[in-house]
Every structure is written in C-alpha cells, then in structure tokens.
Amino acid sequence: MKKRLDDFEDRRAHLANLSDEELKAKFWALAGELIDPMLELGKKNTTPSIERSVLLRMGFSSLEAKEILTGVMENNLISKGAGHVVYKLSKSKNIDVREAGLMLVNGKCWDEVVNLFAKEGASC
C-alpha cells in the first residue's frame, strides 16, 4: 500500500495568515461558487412535476395543485416557479399563501400575477 504524502502544510500555505473572519469569508465565497451553478440549473430546468411537488408541500391538494399549475403553464410563468407565483400573489394582496392559491384555483387574479412578474422583467 502506498503511503499518502503529508502535504497539509503546503496545501494550507495560502490560508495560513488569514484571520478567523477572513477564513469564514473565504469559506462562504467558495460555498457560493459551489451552490450558484446548482441554483442556476434549478431556475432553468424546472418541470411541471417539480412545480406540482412544490405546491403539494405548500399544503395544496393534488387537485388544487393541478389547477394552479395549469394556470402557471397557460400564463408562461413556469420559469418563475409555481410556489413563487402563489407566494408573490399572497404578498401583493397581504393574504396568506393558502388563500392566494385558492384564488388562483378559482381562476381569479391571473392577470394580476402576470403583471407582478412583468414589472420585474428578467430580474426575477
């Protein structure tokens, strides 16, 4: 069996003179570099089944989730996320998420939701 070289001191040389705060900042910067591509992938590659799952976890029934998702798809908002659509409407109307979702299930407020996301443009 080949013995591993003990090169720890060489590998940590560029970190040796950093304070605890500097090390913490470096850690979070590196963590961000790892996570950012995954977040970007999630934003660009969602599916109706993923969005339905999100709605189910938000407490909507399967039938309610189906209706919300249908509206999200018809209004070309799937890239925003179905849960985000419900959440944004709830914040806009200052109501709870469940109430906002049920409004969408009943065919209400879709124009408002589309306008909320149109105001943000591509930044959302």
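Sequential numbering from 1 along the given sequence is applied to the chain's residues.
When atom types are taken as modelled, the side chain of Glu64 and the backbone of Ser61 share a donor-acceptor pair closer than 3.5 angstrom. Without hydrogens or angle criteria, Glu51 side chain to Ala82 main chain gives a donor-acceptor distance under 3.5 Å. Looking only at distances, a side-chain donor or acceptor of Ser90 sits under 3.5 Å from a matching main-chain atom of Tyr87. Under the 3.5 Å distance criterion, the side-chain polar atoms of Thr70 are matched with a main-chain donor or acceptor of Lys66.
A 6.0 Å sphere centred on CG of Asp111 holds no more than 12 heavy atoms belonging to other residues, nucleotides or ligands. Asp96 CG: more than 12 foreign heavy atoms inside a 6.0 Å radius. The environment of Asp20 atom CG is sparse: at most 12 non-hydrogen atoms of other residues, nucleotides or ligands sit within 6.0 angstrom. Asp6 CG: 12 or fewer foreign heavy atoms inside a 6.0 Å radius. The environment of CG in Asn106 is crowded: more than 12 heavy-atom neighbours from other residues, nucleotides or ligands sit within 6.0 Å. Applying the 6.0 Å contact sphere to CZ of Arg57 captures no more than 12 heavy atoms from other residues, nucleotides or ligands.
Note on Met73 and Leu55: same hydrophobic cluster, where clusters join Ile, Leu, Val, Met, Phe, Trp and Tyr whose side-chain heavy atoms are under 4.5 Å apart, directly or indirectly.
Side-chain contact between Phe60 and Leu56 is absent, with no heavy-atom pair separated by less than 4.5 Å. Residues Leu89 and Leu104 have side chains in contact (heavy-atom distance under 4.5 Å, counting atoms from C-beta outward). The side-chain heavy atoms of Ile95 and Met103, taken from C-beta on, include a pair separated by under 4.5 Å. For the pair Val86/Met58, a side-chain contact is recorded, criterion being any heavy-atom separation below 4.5 Å from C-beta on.
Atoms CG and OG1, on Leu69 and Thr47 in that order, are 9.0 Å from each other to the nearest 0.5 Å. For the atom pair CG of Asn45 and CD1 of Ile50, the computed distance is 8.5 Å after rounding to the nearest 0.5 Å.
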Test log, rule side-chain contact (heavy atoms from CB on, under 4.5 Å), inputs Leu63 and Glu67: CA-CA 6 Å; Leu63 295 174; Glu67 289 300 317; 6.0 Å; no

Does Lys93 form a salt bridge (charged side-chain N to carboxylate O under 4.0 Å, His left out) with Glu99? I'd like the steps, not just the answer. CA-CA 10 Å; Lys93 293 198 156 298; Glu99 188 177 348; over 6 Å; no

Run the numbers on Glu74 and Trp110 for side-chain contact (heavy atoms from CB on, under 4.5 Å), then give the verdict. CA-CA 10 Å; Glu74 288 173 353; Trp110 283 106; over 6 Å; no

Step by step, would you call Val85 with Ile68 a side-chain contact (heavy atoms from CB on, under 4.5 Å)? CA-CA 9 Å; Val85 167; Ile68 295 169; 5.7 Å; no

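Scanning both residues, Glu112 and Ser92, for their nearest heavy atoms gives OE2-OG, 3.1 Å.
Checked by atom type, the side-chain pair Arg52/Ser62 shows a donor-acceptor distance below 3.5 Å.
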Pair up each side-chain donor or acceptor in residues 21-35 with any protein partner under 3.5 Å, not counting sequence neighbours, and list the distances.
{"unit_1": "Glu22", "atom_1": "OE1", "unit_2": "Ser19", "atom_2": "N", "d": "2.7"}
{"unit_1": "Glu22", "atom_1": "OE1", "unit_2": "Ser19", "atom_2": "OG", "d": "3.4"}

